[in-house]
Amino acid sequence: MGFDVGKIDLNCEKNNTAHNTNDISVNRLIVRRGQSFLVTFDFHGSFRSTTDLLELTVETGPQPSEALGTRSVFGLPEGRWKRSSWKVKVHQGSGLPAGSITLDITSPADAPVGEYSLSVKTSATTSVGSSLGKLLLLFNPWCQEDSVHLPEEEERQEYVMREQGLVYKGSDKYISSMAWNFGQFEDDIVDICLKLLDVNPKCLSDPAKDFSARCNPIYVSRVVSAMINANDDGGVLMGRWDGQYDGGMSPTHWNGSVEVLRRWLKYGGNPVKYGQCWVFAAVMCTVLRCLGIPCRVVTNFQSAHDTDKNLTIDDFFSDYGVRPKQSPDSVWNYHVWVEAWMTRPDLSAGSLYDGWQAVDPTPQEKSTGVYCCGPAPVKAILQGHVDLKYDVPFVFAEVNADRVTWMVFTDGSKKKIFTDSVSVGQNISTKAVGSDKRVDITANYKHAEGTEKERDVYNQAVKRVNISEENSNGIHDDKPGVSMKIVELTKPVSGKDIDLKLVLNSNDNETRTLVINVNVQAMRYNGIPSSQIQTELKEQKLLPNQDLTIPIHIPFSVYGEKMRESNSIKVSAVVTDKDKSGAVYITEKDFVPESPSLTIKAIGSELQYSDMTAEVVFENPLSEGLRDCFITVTGSGLLTETMEARMPFLKQGQRLRVKIPFTPYRPGPKKLVAGFNCDQFRDIKASCNVYIKPITSVVPPLP
């Protein structure tokens, strides 16, 4: 007699909770590959699972194909569909033969991720299947067979489920953290992430092939890396590093990814203005976590940008202390990328290169004709295996290039001063699992500086990229006759004068006549000077075995305005020895002035759907008033949108206190993130942790 399918229940809340996707939604089916989910439907007539035909079909993308893995036909009886990649069985405890049936459906652990249609045919229906609805399929770090499987639950909670995190900035001696709202579980973000995949150039040119390739996290991470920047596609963010942000937002404005991604969608896929490395990386982290690929944000201090792939960075100084721009190479105060967790069967039959992969969406250099970078196995970078995919030489240079310093004279000639094999790649940092502590992961990328192993790996890398080894053996020059260092006398704080000293010492018994150039520049974080602050030239005698101290005073009235679109202050000293045939000595130091204090705290019962208040406090530290002050507050799971408060004028010493009400709507660990702006200070940040306890017995209010 057969049977017909009646009412359908996709068990969205039950399935999504079991698949760790209920934070995204409980009103649509979102499941992870390689893990079963339940579908229940009523039927009319009799049904025997061992004899009656039940045929299910899943399809994703245009021109779905079983050969490409974008279509699968499977069903009951089980023995009839042995070659199908998707599997189904009657759920234990299903109500047969009482008029309904619950099925356990399992996708393969290597199925393409994305949106699928699910339909059913029975022996009593026509050749056209009845739709059971749509489902979203994501990567599954909980599944051992999935190539993104992450064994530790605590790490899965951090690198997949955590909606907030920290991004490290500053310089290697002045490391600061900035709270970031990833917000990967906000309602519309998963759809935006899939839209991002759908409009990538590879999909537009061959959609069937692209949808099939979405089974592979290597492919997906590479596509996302290209699509986060807008350089050669319809990507999310336009980068800008010149301090001119007309028509958009300064990169330091952003506190999270959600606003960026929503703007990209709202304005028809036109790029959001503007981003820099930490924004690119943090938005990519949101996309990968949303899709189910474990991801973390990583900061490399003293990060090299090697444009000519020779693993060497050339720095130039003029004889009057200024750093002229003669080379496209540079060393950034810091650079931020992400690491994504996956296997690399394309590189090794074993697990030699599995694990964390460096992936960088900041548009620096092209990779196979596209502005993207990675995934580069961190294990390959550590061993100097720079001949492997993808972009390992570039990332290796970022953390371990040698740095050659040249003196450029007024007649255009230049002289090599020294080669530094130590300073590049310092304090590589990421947020700790389960806490806000900073973890130093430098040892994952390179062996300890100064060790024979580190030099052996560097020399091996040089050979693998087929270049000369002339700069690969540390400091090539004789020990300088004059040693110099720049020392801070007071902690640099924005809004206050900065006092330093230059200390010189001679290691021989002769008195030296020195011409000393001290130069102070405002620097963008990517190693490019933004403006001149001050310079000082003097001639001094250096007595043998005695310190010569030169005070350096930098008034806020001189540097303040020039730091609004800059990250740090670079103080450099170029010393010419008039008694040693013009011998030249160089030292430099970067200072990152600490921002004035901004605080935020949460007031009220930390309970889901309860009324709470965010209190933000800022006190004007200057001896003059501040104009055009405004405060922003955001936090996924806490506020549905960014809130703002404005004050046109803040008097000298006046305290601004703002209270913003909010109602937390998602339980678990959350962060409130505040930002402060005015005419004198840009994008001061503060954050606080909030743990929202769930209420299971209360019906949530309507939005």
Original post:
What is the ring orientation for Tyr525 with Trp278, classed by angle as parallel under 30°, tilted 30 to 60°, or perpendicular over 60°?
Top reply: perpendicular
Original post:
Is it the case that more than 12 heavy atoms not belonging to Glu644 sit under 6.0 Å from its CD atom?
Top reply: yes
Original post:
Do Glu565 and Arg682 meet the salt-bridge criterion of a basic N to acidic O distance under 4.0 Å?
Top reply: yes
Subject >> Donor-acceptor contact present, side-chain Thr405 to main-chain Asp315, <3.5 Å >> reply: no
**OP:** Given side chain to side chain donor-acceptor pair (under 3.5 Å), test Ser257 with Arg289 step by step and report yes or no.
**Re:** CA-CA 12 Å; Ser257 309; Arg289 286 186 183 182; over 6 Å; no
Original post:
Under 3.5 Å, is there a donor-acceptor pair between the side chain of Tyr445 and the main chain of Val395?
Top reply: no
Original post:
With no hydrogens and no angle check, is any side-chain donor or acceptor of Ser225 less than 3.5 Å from a backbone partner on Cys373?
Top reply: yes
Original post:
So, the side chain of Asn333 versus the backbone of Ser171: is there a donor-acceptor pair under 3.5 Å, distance only?
Top reply: no
Original post:
Between Arg240 and Asp246, is there a salt bridge with N-O shorter than 4.0 Å?
Top reply: no
Original post:
Is a salt bridge present between Arg403 and Asp329, judged by a nitrogen-to-oxygen distance below 4.0 Å?
Top reply: no
Subject >> Within 6.0 Å of NZ in Lys496, more than 12 heavy atoms from elsewhere >> reply: no
**OP:** Take Glu454 and Asn400 through the side chain to side chain donor-acceptor pair (under 3.5 Å) test and state the conclusion after the steps.
**Re:** CA-CA 9 Å; Glu454 185 275 333; Asn400 212 16; 3.2 Å; yes
Original post:
Would Thr442 and Asp440 count as having a side-chain donor-acceptor pair, cut-off 3.5 Å?
Top reply: yes
**OP:** Please test His305 against Phe394 for ring-ring contact (aromatic ring centres under 6.0 Å, His included), starting from the C-alpha separation and ending with a verdict.
**Re:** CA-CA 8 Å; His305 180 179; Phe394 185 78; 5.6 Å; yes
Subject >> Lys437 atom NZ, neighbour heavy-atom count above 12 within 6.0 Å >> reply: no
Original post:
Do any N or O atoms from the side chain of Ser177 and from the backbone of Tyr168 form a donor-acceptor pair under 3.5 angstrom?
Top reply: no
